Amino acid sequence: MLEKIQKLVKKDEKIAMLTCYDATFAKLMELAGVDILLVGDSLGMVLQGAENTLNVSMHHMTYHTKSVSAGAPNTMTIADMPLGSYEHDNEAAYKNAEWLIKSGAHMVKFEGGGKRVETARYLVERGIPVCAHLGFTPQSVNQFGGYKIQGKTQESAEQILNDAKAMRDAGVSFVLLEMIPAALAKQVTQIVPTIGIGAGVDCSGQVLVLQDLLGIYNGSANKKPEDYKAPRFAKNFLKETNSIESAVKNYVKAVKNKTFPAIEHSY
Ligand code: KIV
């Protein structure tokens with residue numbers, strides 16, 4: 001599976017990735033040509049109605065990973081490692097990553113650079129493919145003080161570039177970049193293959209949360225829909241068509257022909 005995606009990167013074809021949490025959508029996405037399915041811990045928000053991803057557990061992640069891999073057996077699946085499952089020690093990180101792989105994931109993703117570089121190296125050396133997640137990392141939302149663009153100052157841009165280099169040297173397959181300036185994402189992409197969300201069109205690929213693509217997410221369960229403001233990087237692909245299948249196909253097409261993300265979806 002990974003080889004197929006690496007071939008796309010080599011021939012400069014953009015990777016189309018979407019979040020997915022169940023077998024029905026997984027099957028639909030596989031048939032629509034989505035390259036990678038991400039079982040994201042965003043399920044805490046879009047499936048469970050929470051305000052953030054902080055209470056997602058390994059049990060939630062393995063349950064949804066099994067469903068997704070059952071629905072799309074021929075598509076590469078990446079599973080998020082939830083908060084608390086990889087930070088304490090590398091052995092525990094390995095055990096949890098192994099659980100996700102045994103649930104059907106082909107790769108795991110976790111957030112952060114710095115100390116997480118050694119975690120990435122530890123997993124890769126033991127045969128577990130890793131995607132690092134840099135820029136805005138939702139599990140640190142309290143530390144960031146909200147959903148804020150990262151890498152705007154020279155210091156934080158350098159930090160992201162250094163983390164990306166260290167992650168590449170540790171053997172990660174991809175770096176997911178969330179909410180950083182497009183120009184910085186372009187520089188990171190020269191170091192290591194990237195998947196962007198709110199990181200501009202020059203990443204090696206793009207990811208969107210399924211509910212954003214369908215335009216159906218309007219905030220956490222405890223908030224009024226009218227108080228919700230969709231992030232700049234979200235695009236409702238269902239608005240332009242009359243079926244979910246076509247919306248997903250149009251997303252794949254738009255990523256491949258580089259019409260998504262447009263400047264209005266980037267920082
Ligand atoms: O959990 C998630 O959905 C993510 C996004 C950045 C796509 O990690």
Side-chain angles (χ1 to χ4, degrees), residues 14-22 25-26 29 34-58 60-65 67-68 76-86 96-97 100 105 107-113 116 130-141 144 147-151 160 164 167 172-180 185 188 193-200 203-214 216-217 219-220 230-235 237 248 251-252 255 260-261 265-267:
K14 298 288 180 190
I15 302 160
M17 170 156 128
L18 272 180
T19 69
C20 189
Y21 318 96
D22 68 33
F25 271 108
M29 287 182 196
V34 177
D35 297 309
I36 306 179
L37 308 184
L38 171 66
V39 188
D41 62 353
S42 50
L43 67 85
M45 299 160 85
V46 297
L47 299 191
Q48 299 173 342
E51 285 191 62
N52 50 47
T53 61
L54 306 185
N55 285 302
V56 175
S57 69
M58 276 300 298
H60 299 142
M61 291 309 304
T62 51
Y63 174 88
H64 289 283
T65 300
S67 303
V68 168
M76 181 162 160
T77 299
I78 303 181
D80 261 341
M81 300 195 71
L83 179 71
S85 70
Y86 58 93
N96 286 321
L100 288 165
M107 183 178 288
V108 298
K109 170 168 87 61
F110 55 80
E111 299 182 3
R116 298 289 80 78
V130 171
C131 173
H133 184 153
L134 301 176
F136 178 75
T137 47
Q139 292 170 12
S140 306
V141 61
F144 289 135
Y147 290 79
K148 294 184 182 158
I149 308 157
Q150 302 299 306
I160 290 170
M167 283 294 187
V172 305
S173 306
F174 302 107
V175 170
L176 189 144
L177 296 171
E178 180 163 358
M179 281 173 72
I180 65 167
V188 178
T194 57
I195 312 279
I197 178 160
C203 293
S204 318
Q206 300 293 329
V207 61
L208 253 193
V209 170
L210 169 66
Q211 282 75 359
D212 286 339
L213 173 143
L214 300 176
I216 55 171
Y217 183 70
S220 56
R232 183 180 167 100
F233 54 76
K235 180 175 172 185
F237 281 83
V248 172
Y251 165 73
V252 174
V255 170
F260 179 79
H265 305 116
S266 311
Y267 301 100

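Order of appearance sets the numbers: ligands from 1, and atoms from 1 within every ligand. All values below come from the heavy atoms of this structure, side chains included, with hydrogens, waters and symmetry mates left out. What you see is a predicted model, and the numbers here were worked out from it, not measured in a lab.
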Is the shortest side-chain heavy-atom distance between Val188 and Ile160 below 4.5 Å? yes
For Gln139, the side chain to side chain donor-acceptor pair (under 3.5 Å) test, sequence neighbours excluded, returns Asp41, Tyr86
Under the rule for side chain to side chain donor-acceptor pair (under 3.5 Å), what residues qualify as partners of Lys109, not counting sequence neighbours? Asp80, His133
I want to check something: taking the side chain as every heavy atom from C-beta on, are Gln150 and Thr137 in contact at a cut-off of under 4.5 Å? no
When you pair each N or O of ligand 1 with protein N or O atoms, which pairs come out under 3.5 Å?
| from | atom 1 | to | atom 2 | distance (Å) |
| --- | --- | --- | --- | --- |
| ligand 1 | 1 (O) | Asp41 | N | 3.1 |
| ligand 1 | 1 (O) | Asp41 | OD1 | 3.1 |
| ligand 1 | 1 (O) | Ser42 | N | 3.0 |
| ligand 1 | 1 (O) | Ser42 | OG | 3.3 |
| ligand 1 | 1 (O) | Asp80 | OD2 | 3.0 |
| ligand 1 | 3 (O) | Ser42 | OG | 2.5 |
| ligand 1 | 8 (O) | Lys109 | NZ | 2.8 |

Only counting residues at least two apart or in another chain, list the ones meeting salt bridge (charged side-chain N to carboxylate O under 4.0 Å, His left out) with Asp22. none
Met17 side chain reached by Ile78 side chain, heavy atoms, under 4.5 Å: yes
